[in-house]
Amino acid sequence: MMFKAPKLFILLSSFWVLSCSGPQFKYRTVPMAPGESFEDHVFEGQDYVVTAQGDYSTKAGVKMYELGGNAIDAAAAVSFCISVERPQSTGIGGGGFLVFKSPEMEKPVTFDFREKAPLLADSKMYLDKEGKEIKGKSLNGIFAGGVPGLVAGIVEIHKEYGSLPLATVMQPAIDLAEKGFKVYPELAFALRVREETLRKFPASVKIFFDKNKHILKEGDLLVQSDLAKTLKSIAKKGRDGFYKGWVADAIVAEERRRGGLIRYNDLSRYNMIKRKPVEGKYKDYEIYSMGPPSSGGIHVIQILNILEPLNLGHYGIQDAKTIHYTASAMQQAFADRARYLGDMDFVKVPLRELTSKEYAKKIREKIPHHRALKKDEVLPGQFDGYESTETTHFSIMDKLGNMVSSTQTINGFMGSGLVIPGTGILLNNEMDDFATKVGAKNLFGAVGGENNLVESEKRPLSSMSPTLVLKKGKPVMAVGTPSGTRILTCVAQTILNYIEHNEPLLNAVSAVRFHQQWYPDELRVGTLGLKKEEEDELRDMGYKINHKNLGCRIQAIAMEKGQFIGVSDPRGLGLAAGK
Ligand code: GLY
């Protein structure tokens, strides 16, 4: 059953009035979109809470609990439903990561269903004869797509831990694809941005354009009948309904027709990998997050380690000192990311060193107290022996002690733009998360290093950071967000706002955020900006401030005073609900 939380709403409304009213207040938060209220973005519950970036998807998760299912039934239902509801962000043509803790587990486990480079791929595939990058090849069309992993991942996780039949958890997604839904502003925007690329592919035009060949606009009905057929095939046959049979035939036929690289072998060999989480400790809290091929977990923990002894809670979340130290920690994380991070099944990543307290201490000691570090002063650590804003996230927690945090993606808006004819599958453009060559930047401006060059069957480096926070083994928080390289800095800030600055979860999520990723040498601050005196102080320290939307949409759940609080970032579409 859904219920609204009037008490909380009144409290939050007053919080917003306060935070709008000027310099006497503690810090800046985001405004709500016109016509929206905080009410749908926050939920208080006793039994379970689901937060996701779409109403249908959150409700699909809630429905599984109502049918007697468990957290993984809910996670599978959200995953398939959000694939239909947010074709600009994720889909069965993409992949992702999921972190799960059940009460029986001593520690969380993580699942890697990231896309893989095709067997025929190699490190020069995006370069011309002179070794120059071929513009757009890793972003648009057939060569942009890695071998999709989402179906293998969700079906296998569900098989091991779910309790309801697969067909039941997939039904909300099938219904939504068949009946359709009205195009909402965020989707209309993404369609406009990717119109030119989508128009090149007749199967994409069939779905995302009207009968007059105009791109769908806000309020138009988006029906995805071919996708519904593919989902039914998966509901009936499990992973074989995607990686074998008519769906596999359609994928391979389109790849061959357009000179692409994915073959039957790639599909049959695709494997979801259960991995240990990366672990850290922040004061009394245990942090568990996604390890390589994501850089996210390592750098969330690294940033927290650097900041831990500084007790930034004394200053407040938007004090210039807090921002200076946090931005410097972020800057170092991105220098290390460029140098070291890649798929650990292929390259050596100094995971233990990067997440160690000793390394954090060395970095902390190098941060000057009163000035920003220039990018050339920040070098990757030395160890012995060794952008679009898309993607989506959801979190689930329940009273049995289950915690789920999952980030899923097709990479940029509408992925590669190419729909596989007859299947409704929008192919990802995750290959752009590889370094097309050493030093090249991806869609999000992240610098690529040798460890992240394309190799046959390798997984591209990610920033996705689905994270669980516990205290003495007890659930505290499930958190994550979309938005490329900003993912890991937004997750780190939300954790800090909640556990270091002791802010209630809604405030922790709503506060204006900032991001520093080494290159470019700037402090990116959410469009609303910080208080003038804090920004002046940061400029005096040498920061170049760029006011620009970070794109993060945190989906978080926490235990507060014995009950669950779910917050779906008020910056965008989303719903927190449960019981
Ligand atoms: N495609 C965005 C990421 O994996 O970080």
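Heavy atoms only: backbone and side chains are in, while hydrogens, waters and symmetry mates are out. Start at 1 and go down the list; that is how both ligands and their atoms are numbered.
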Are the side chain of Asn429 and the backbone N or O of Ala144 linked by a donor-acceptor pair below 3.5 Å?
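Checking the backbone N and O of Ala144 against the side chain of Asn429, no donor-acceptor pair under 3.5 Å is found.
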
Would you say the side chain of Met290 lies within less than 4.5 Å of the side chain of Asp112, judging by non-hydrogen atoms?
yes

To the closest 0.5 Å, what do you measure between CD1 (Ile425) and CD (Glu254)?
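With rounding to 0.5 Å, CD1 (Ile425) is 11.0 Å from CD (Glu254).
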
How far does CG of Asn497 sit from CD1 of Ile495, to the nearest 0.5 angstrom?
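Spacing of CG (Asn497) from CD1 (Ile495) equals 10.0 Å.
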
Proximity of Asp433 to ligand 1 by residue part, where a heavy atom lies under 4.0 Å
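Within the 4.0 Å criterion, Asp433 contacts ligand 1 through side-chain atoms alone.
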
Record the part of Arg459 in heavy-atom contact with ligand 1 below 4.0 Å; permitted values are side chain, backbone, both and neither.
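It is neither part, as no heavy atom is under 4.0 Å.
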
Go through ligand 1 atom by atom and flag the ones less than 4.0 Å from a non-hydrogen atom of Arg114.
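This gives 4 (O) as the contact atoms.
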
For atom 4 (O) of ligand 1, what is the nearest protein heavy atom, given as residue, atom name and distance?
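It is Ser462 OG, 2.7 Å.
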
Can you tell me which residue and heavy atom of the protein come closest to atom 5 (O) of ligand 1, and the distance to 0.1 Å?
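It is Ser463 N, 2.8 Å.
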
A cation-pi test, strictly: NZ or CZ of Lys107 under 6.0 Å from the centre of the six-membered ring of Tyr288 and no more than 45 degrees from its axis. Yes or no?
no

